[in-house]
Amino acid sequence: MTARADQLAAEGAAAGFDPGRTLRFWVEVRRQLRRRRTVGIFAVMLALPLLLVLAFAVGDEPDGRRGVSLIDVATNGSLNFVLFVLFVSTGFLLVVVFALFFGDTVASEAGWGTLRYLLAIPVPRPRLLARKLLVALFLSAAALVTLVLMSMAVGAVFYGWSPVTTPVGFQLEPGEALARLAGITAYLVVGMTMVGSLAFMLSVRTDAPLAAVGGTVLIVIVSSILDQIDALGAVRDWLPTRYTMAWVGMLQDPPDTADMLRGVLFALGYAVVFLVLAFHHFQRKDVVS
């Protein structure tokens, strides 16, 4: 027997038990994909571009009185349409998607009473949280990529494939536009980890998924409101939602990525703090009584 096997035997584990083989990643992914919550989220990601196309088809032309924005060039081609979809989705829809996947993952198990059985397998607590976290991140990123790809396909069918026309008037060739779109998508995944980690921290502290998800969305909304108050001055720079829309700088020539870099640093910083608190609390949480 190996030293590790001897240690497990001394701790009373069954012969052949290996905690490193419990709760495998793809097993948990398949389990989450069968849930109606997951199916519903991906259905929304697929349906939203079609609904926006319908809205453009039946709506009136913009009158231009509100100033130039991405909506004025949304139908100029597939890539313009993708950028518009991301623009209207970033502030709320993506927040809800990430909050749902991260906030529901542990709290739902606790609410159903299955969390104690997972730990009784036994799955080590840090491994269980790590697996739940990685699967939530994978599904959230997959939902975002699904939205981007579906928007691109729908845009190509209805509006054709042409260079990106930015609201300020210059064009980006498709190759460069795709590279920038990939950067924008990656930035949104990283930026939304702050939302996800906050929801995850709340998820390990409650048995009610709605409390974790709703609490996260409420905090993000309050932060977004405070960000609109100029009187707060430099305090706004520390708000978690301050750099949510920084990816718009990628549409400038040359790209302005300074705020995006700050956004990545802030998102990862907040995520580390929230996840440390989540793991610390879960290690001491009574889930077997």
Side-chain angles (χ1 to χ4, degrees), residues 33 38-98 101 137-192 243-261 263-264:
L33 285 174
T38 306
V39 174
I41 290 175
F42 278 91
V44 170
M45 297 296 101
L46 293 172
L48 179 62
L50 294 171
L51 292 175
L52 291 175
V53 166
L54 178 62
F56 280 121
V58 302
D60 296 326
E61 291 293 326
D63 57 18
R65 288 178 295 180
R66 71 188 182 287
V68 179
S69 69
L70 280 172
I71 192 173
D72 298 299
V73 293
T75 60
N76 285 11
S78 175
L79 295 175
N80 270 89
F81 183 68
V82 175
L83 292 172
F84 170 72
V85 172
L86 290 179
F87 183 78
V88 298
S89 302
T90 299
F92 185 74
L93 177 62
L94 294 183
V95 170
V96 173
V97 169
F98 275 70
F101 278 125
L137 178 59
F138 173 79
L139 293 176
S140 299
L144 174 55
V145 171
T146 298
L147 177 64
V148 170
L149 295 179
M150 183 63 178
S151 301
M152 192 177 301
V154 170
V157 170
F158 288 94
Y159 307 125
W161 186 266
S162 59
V164 167
T165 304
T166 68
V168 294
F170 77 92
Q171 291 189 338
L172 296 172
E173 291 303 317
E176 182 180 359
L178 283 173
R180 295 196 187 193
L181 179 59
I184 290 171
T185 303
Y187 174 77
L188 286 173
V189 171
V190 175
M192 288 293 165
Y243 301 103
T244 300
M245 300 299 299
W247 61 266
V248 177
M250 289 291 283
L251 304 182
Q252 299 182 20
D253 188 24
D256 182 4
T257 58
D259 280 348
M260 289 180 65
L261 178 59
V264 167

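Being a predicted model, the structure only gives us computed values, none of them experimental. Start at 1 with the first residue, then count along the sequence.
- To the nearest 0.5 Å, atoms CG (Leu93) and CE (Met45) are separated by 4.0 Å.
- The closest donor-acceptor contact from the side chain of Asn80 to the backbone of Val73 lies under 3.5 Å.
- The side-chain heavy atoms of Leu172 and Met250, taken from C-beta on, include no pair separated by under 4.5 Å.
- The minimum heavy-atom distance linking Phe81 with Ser151 is given by the pair CD2-O, 3.4 Å.
- Here the CD1 atom belonging to Ile41 is positioned 7.5 Å from the OG atom belonging to Ser140, to the nearest 0.5 angstrom.
- Considering CG of Leu144 and CG of Leu149, their distance stands at 9.5 Å, rounded to 0.5 Å.
- Taking every heavy atom of both residues into account, Ala141 and Phe98 meet most closely at N-CZ, 4.4 Å.
- Within the 4.5 Å cutoff, the side chain of Val164 has no heavy atoms near those of the Arg180 side chain.
- Taken from CG in Leu178 to OG in Ser78, the straight-line distance is 8.5 Å, to the nearest 0.5 Å.
- In this structure, Tyr243 and Gly263 approach most closely via the heavy-atom pair CB-CA, 3.6 Å.
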Tell me, with the steps shown, if Leu54 and Phe158 meet side-chain contact (heavy atoms from CB on, under 4.5 Å).
CA-CA 10 Å; Leu54 178 62; Phe158 288 94; over 6 Å; no
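- Here the closest non-hydrogen pair linking Gln171 and Pro163 is OE1-CB, 4.2 Å.
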Show your working on side-chain contact (heavy atoms from CB on, under 4.5 Å) between Leu139 and Leu33 and close with a plain yes or no.
CA-CA 9 Å; Leu139 293 176; Leu33 285 174; 3.8 Å; yes
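- Across all their heavy atoms, Val85 and Ser89 have their closest contact at O-OG, 2.6 Å.
- By the 4.5 Å heavy-atom criterion applied to side chains, Leu181 and Leu86 are counted as neighbours.
- Side-chain contact check for Val88 versus Leu52: some heavy-atom pair is nearer than 4.5 Å.
- Residues Phe42 and Thr38 form a side-chain contact, since some pair of their non-hydrogen atoms from C-beta on lies under 4.5 Å apart.
- Nearest heavy atoms, Leu79 versus Trp161: CD2-CH2, 3.9 Å.
- Without hydrogens or angle criteria, Thr185 side chain to Val145 main chain gives no donor-acceptor distance under 3.5 Å.
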Which is it for Met150 and Leu50 under the side-chain contact (heavy atoms from CB on, under 4.5 Å) test, yes or no, and what are the steps along the way?
CA-CA 9 Å; Met150 183 63 178; Leu50 294 171; 4.1 Å; yes
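- Between Tyr159 and Phe84, the ring centre distance reaches or exceeds 6.0 Å.
- Put simply, the side chain of Ile184 does not reach to within 4.5 Å of the side chain of Val148, judged on heavy atoms.
- Note: Thr165 OG1 to Leu251 CG = 11.5 Å, rounded to the nearest 0.5 Å.
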